[in-house]
Visitor: 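Okay, here's the structure, questions in a sec.
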Number of protein chains: 2
Amino acid sequence: MTITEVSEKYGISVDTLRYYEKAGIIPRVTRNKSGIRNYQEEDLQWVQLAIWMRRAGLPIDALAKYVKLNLAGEETLPQRIELLKTQRLELERQRQEIDEAMTILNRKIKKYEEVLKNNT
Amino acid sequence: MTITEVSEKYGISVDTLRYYEKAGIIPRVTRNKSGIRNYQEEDLQWVQLAIWMRRAGLPIDALAKYVKLNLAGEETLPQRIELLKTQRLELERQRQEIDEAMTILNRKIKKYEEVLKNNT
DNA sequence: GTAATCCCTGAAGTGTACTCCATGTCAACA
DNA sequence: TGTTGACATGGAGTACACTTCAGGGATTAC
């Protein structure tokens with residue numbers, strides 16, 4: 001699969017795909033002899049993971065560290081677990097912030113709509 | 001209340017407080033004759049709102065627009081409602097991204113922990 | 001064989017949200 | 001009255017995550 005096809009498949013620019021690879025959140029993609037990327041199934045799985053995690057807001061450097069640990073082999077399993085748990089905690093915290101903000105937003109919207117109704 | 005006190009109360013730097021005011025996500029704070037900020041109850045409510053919304057990830061420009069509409073008076077109620085609803089939608093989207101990422105994270109953590117257990 | 005098309009890289013540029021810094025004012029205390 | 005310390009402003013600097021650009025190679029279409 002070419003970089004353009006991958007880009008279309010996942011709705012992400014080719015520049016970003018190259019950037020993710022350079023940043024290390026996608027391991028070096030399979031290439032042909034002239035250096036052109038030819039994404040294999042495994043490459044695509046990394047792409048998918050990177051996109052999911054980035055959308056949720058996980059930072060590039062944490063993801064890069066995770067990828068590095070993966071490439072380093074089995075003995076990094078404990079560190080990987082710890083890293084993932086840390087990130088999970090961050091996501092939980094972030095979700096809570098969102099829930100709190102949502103509560104305020106809902107309260108305000110409701111209040112405004114009532115004022116609007118009573119002014120009619 | 002001085003800017004330093006507000007900073008300590010909300011755990012946010014004085015620079016950020018000034019920045020928020022300049023950026024328009026907090027209306028001009030009450031000042032004494034020599035121009036020094038003296039936060040009143042109403043100012044504090046704006047500070048609180050700004051901090052909550054920023055923590056959830058609402059962008060500065062959307063918040064600034066909201067503040068501007070507020071200062072413009074009652075007739076902007078419909079626009080305010082629309083703005084808040086748009087932001088609520090964004091938060092919902094973001095929460096969903098987080099939930100999806102969390103599912104993946106949990107799956108991976110579980111898998112790693114099982115491998116680790118079986119390797120013992 | 002040459003023009004068009006797609007891909008490559010390294011480096012510079014952009015947007016967002018702060019954060020830091022230089023310089024200056026003002027009130028209060030020694 | 002001089003010095004200290006909190007606060008003010010405008011502007012430069014920083015971090016992060018892309019995004020754009022300049023300059024080149026390789027393949028395909030004619």
Side-chain angles (χ1 to χ4, degrees), chain A residues 1-40 43-44 46-47 49-67 87 90-91 94 97-98 101, chain B residues 1-40 43-44 46-47 49-67 87 90-91 94 97-98 101:
Chain A
M1 217 173 182
T2 71
I3 195 167
T4 303
E5 286 164 351
V6 175
S7 156
E8 280 159 4
K9 180 174 166 74
Y10 293 104
I12 182 180
S13 80
V14 298
D15 288 305
T16 300
L17 279 170
R18 291 203 197 95
Y19 168 69
Y20 279 0
E21 196 178 331
K22 179 144 57 166
I25 74 172
I26 294 172
R28 185 174 172 80
V29 169
T30 313
R31 287 143 194 263
N32 67 17
K33 44 265 156 219
S34 40
I36 294 190
R37 290 173 183 81
N38 182 6
Y39 290 77
Q40 306 302 307
D43 299 317
L44 293 182
W46 279 111
V47 169
L49 182 67
I51 293 173
W52 270 331
M53 296 301 131
R54 282 298 304 131
R55 289 214 174 121
L58 295 219
I60 295 277
D61 63 350
L63 292 174
K65 200 170 166 193
Y66 173 70
V67 170
Q87 295 308 312
E90 269 309 297
L91 286 188
Q94 184 58 21
E97 305 279 16
I98 288 176
Chain B
M1 215 173 187
T2 71
I3 196 168
T4 304
E5 286 163 351
V6 176
S7 157
E8 280 158 5
K9 180 173 164 73
Y10 294 104
I12 182 180
S13 80
V14 298
D15 285 307
T16 301
L17 278 169
R18 293 203 196 94
Y19 167 68
Y20 279 0
E21 195 179 333
K22 180 144 56 164
I25 75 171
I26 294 172
R28 186 173 170 81
V29 169
T30 314
R31 286 141 195 265
N32 68 18
K33 44 263 156 228
S34 40
I36 294 190
R37 289 173 184 80
N38 182 4
Y39 291 76
Q40 306 302 309
D43 298 318
L44 293 181
W46 279 112
V47 169
L49 182 67
I51 293 173
W52 272 332
M53 294 301 131
R54 283 296 304 130
R55 289 212 173 123
L58 295 218
I60 296 276
D61 64 348
L63 292 174
K65 201 172 165 192
Y66 174 71
V67 170
Q87 296 307 315
E90 269 309 297
L91 287 187
Q94 183 60 21
E97 305 278 17
I98 288 176

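Below, read A as the first sequence line, B as the second, and so on, with proteins coming before strands; counting in each chain starts at 1.
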Visitor: Output the residues of residues 7-24 of chain B in contact with DNA chain D, where contact means a heavy atom of the residue under 4.0 Å from an atom of the strand; sort by number or write none.
Guide: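 Heavy-atom cutoff 4.0 Å gives B:R18, B:K22.
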Visitor: Do B:S13 and B:T16 meet the criterion of a side-chain donor-acceptor pair at a distance under 3.5 Å?
Guide: yes
Visitor: What is the distance, rounded to the nearest whole Å, between atom CZ of A:R54 and atom P of D:dA17?
Guide: 5 Å
Visitor: For the pair made of CD1 in B:I36 and C1' in C:dC26, what is the distance, rounded to whole Å?
Guide: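 Taking CD1 of B:I36 and C1' of C:dC26, I get 7 Å after rounding.
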Visitor: CD1 of B:I26 versus C1' of C:dA17: gap in Å, rounded?
Guide: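 Going from B:I26 (CD1) to C:dA17 (C1'), I get 14 Å.
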Visitor: Can you check the B:R37 CZ to C:dC26 C1' distance for me, whole Å?
Guide: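 Result: 15 Å.
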Visitor: Are A:R54 and A:I60 packed together at the side-chain level, in the sense that at least one heavy-atom pair is separated by less than 4.5 angstrom?
Guide: yes
Visitor: What integer distance in Å separates B:Y39:OH from D:dA8:C1'?
Guide: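 Distance, rounded to whole Å: 12 Å.
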Visitor: Between A:T4 and C:dC7, is there a contact of a side-chain N or O with OP1 or OP2 at under 4.0 Å?
Guide: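 Result: yes.
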Visitor: For the residue pair A:N38 and A:T30, confirm or rule out a side-chain donor-acceptor distance under 3.5 Å.
Guide: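 No - no donor-acceptor pair under 3.5 Å links their side chains.
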Visitor: Provide, to the nearest angstrom, the distance between the CG atom belonging to B:N38 and the P atom belonging to C:dC26.
Guide: 17 Å
Visitor: Is any side-chain heavy atom of B:L91 closer than 4.5 Å to one of B:L58?
Guide: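 Touching, per the 4.5 Å side-chain cut-off.
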Visitor: What integer distance in Å separates B:R31:CZ from C:dT25:P?
Guide: 17 Å
Visitor: Can you tell me which nucleotide in D:dC18, C:dC26, C:dC18 comes closest to the side chain of B:S34?
Guide: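 Within the option list, the nearest is C:dC26.
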